[in-house]
Amino acid sequence: MLDPVPGRPAAVADCGPERALVVADYHAGIEVGLRLDGVELRSNAEQRRERLLRLLVDTDADRVVLLGDLADAIGEPTGAERIELETLLETVTERVPVTITKGNHDGNIEAVADGITDVNVVDGSGTRIGDVGFCHGHTWPAEEVAAAPTLCTAHEHPQVRLEDAVGGSRTERVWLRGGIDSAGFPEYDEVGDRMVVCPAFNDRSGGTFVNEADGFLSPFLPEGLADGEAYLLDGTRLGDYRRV
């Protein structure tokens, strides 16, 4: 029901009557926040937008689902971040409608989205389209979202640190996929079959090292992911993410 696009931090979800391009943790305007922390980087706004538009062409999707943290600033987007968001949404909606499931960085994303046709913003409890539930993952999803056969979530920016025999290491973004464990959703009467945790689209946003003792951010992870395995963006299966 949800197939990663090989080599890219995005997936296509089969939602029944339509196919959705799913992108998580876009973090528009991230360079503004990094600059405040003393890190000077040239804006990648245009490159991010072009990568998403190329994905839309390559996948021929009917909708784009932005799986939370579309924005980077916690409050209302302003300045360069707002310009990036407006340009992105206006350009994408010339082609297909957009659904935004709000993340913890999207506090007032409506201030941007409300003026753009074909953008639907849903709160942190997420939404269900056909057999796929979508939520950002920083808070508990609605029960009907968690009960979808496939739950697609984000927020963690999952990564692994890979080391070689001589002590060298590199960091890779990964997908986490596995069965849902109802123990991670103790207040729910019903949960679905599988969960997918999406990598961050923005390659400057850092993340959770899932094969180390960093700990997860989502309230239903790791308990809710029964037999989670990690996959590199190119599709390489790494196995149990805890033992990579």
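What you see below is based on every heavy atom in this structure, not just the backbone, and it leaves out hydrogens, waters and symmetry mates. Given the structure is predicted, the values throughout are model-derived calculations rather than measurements.
Between the side chain of D227 and the backbone N or O of G179 there is at least one donor-acceptor pair closer than 3.5 Å. The main-chain N or O of R19 is found under 3.5 Å from a side-chain atom of D62 such that the two form a donor-acceptor pair. With hydrogens and angles disregarded, a donor-acceptor distance shorter than 3.5 Å links the side chain of H136 to the backbone of L67. Panel note: side chain D114, backbone A111; no donor-acceptor pair is recorded below 3.5 Å. Side-chain atoms of Q159 come within 3.5 Å of backbone atoms of G206 as a donor-acceptor pair (strictly under, hydrogens ignored). Put simply, the side chain of E156 gets close to the backbone of L217: a donor and an acceptor are under 3.5 Å apart.
Residues M195 and L221 have side chains in contact (heavy-atom distance under 4.5 Å, counting atoms from C-beta outward). Looking at heavy atoms from C-beta onward, I129 lies in side-chain contact with V65 at the 4.5 angstrom threshold. For the pair L53/V92, a side-chain contact is recorded, criterion being any heavy-atom separation below 4.5 Å from C-beta on.
Members clustered with I83: none, using a 4.5 Å side-chain heavy-atom cutoff among hydrophobic residues. L41 belongs to a hydrophobic cluster whose remaining members, ordered by chain and number, are I30, L34, V39; membership requires side-chain heavy atoms of ILVMFWY residues under 4.5 Å apart, directly or through intermediates. Taking Ile, Leu, Val, Met, Phe, Trp and Tyr as hydrophobic and joining them when side-chain heavy atoms fall under 4.5 Å apart, one finds V122 isolated, its cluster having no other members.
Listed by chain and number, the residues in a salt bridge (Lys or Arg N to Asp or Glu O under 4.0 Å) with R242 are D240 (sequence neighbours excluded). Among residues two or more places apart in sequence or in another chain, the salt bridge (Lys or Arg N to Asp or Glu O under 4.0 Å) test is passed with E40 by R35. Shown here are the side-chain hydrogen bond (donor to acceptor under 3.5 Å, both in side chains) partners of E81, two or more places apart in sequence or in another chain: there are none. Partners of S125 according to the side-chain hydrogen bond (donor to acceptor under 3.5 Å, both in side chains) rule, which considers only residues two or more places apart in sequence or in another chain, are D123. Listed by chain and residue number, E18, T99 satisfy the side-chain hydrogen bond (donor to acceptor under 3.5 Å, both in side chains) test with R63 (two or more places apart in sequence, or in another chain). Residues meeting the side-chain hydrogen bond (donor to acceptor under 3.5 Å, both in side chains) test with R48, sequence neighbours left out: E31, E84. In this view, Y231 satisfies the ring pair (Phe, Tyr, Trp, His ring centres under 6.0 Å) rule with no residue, not counting sequence neighbours.
The existence of a salt bridge linking R82 and E76 is confirmed by a sub-4.0 Å separation between a basic side-chain nitrogen and an acidic carboxylate oxygen.
Across every non-hydrogen atom of L89 and L70, the tightest pair is CD2-CD2, 4.2 Å. Taking all atoms of both residues into account, the shortest heavy-atom contact from C198 to P158 is O-CD, 3.3 Å.
Between E229 and the options R237, R194, R177, a salt bridge (Lys or Arg N to Asp or Glu O under 4.0 Å) holds for only R237.
For the residue pair H155/N104, the side-chain donor-acceptor check at 3.5 Å is satisfied.
Residue pairs meeting the ring-ring contact (aromatic ring centres under 6.0 Å, His included) criterion with at least one member in residues 2-47, sequence neighbours excluded: Y26-F201, H27-H105, H27-H157. For the ring-ring contact (aromatic ring centres under 6.0 Å, His included) condition, the pairs that include at least one residue of residues 165-187, sequence neighbours left out, are F185-Y188, F185-F220.
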**Request:** Run the numbers on E172 and R161 for salt bridge (charged side-chain N to carboxylate O under 4.0 Å, His left out), then give the verdict.
**Result:** CA-CA 7 Å; E172 296 282 355; R161 197 190 313 274; over 6 Å; no
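Following chains of ILVMFWY side-chain contacts shorter than 4.5 Å, one cannot reach V22 starting from V5, and the two form parts of different hydrophobic clusters.
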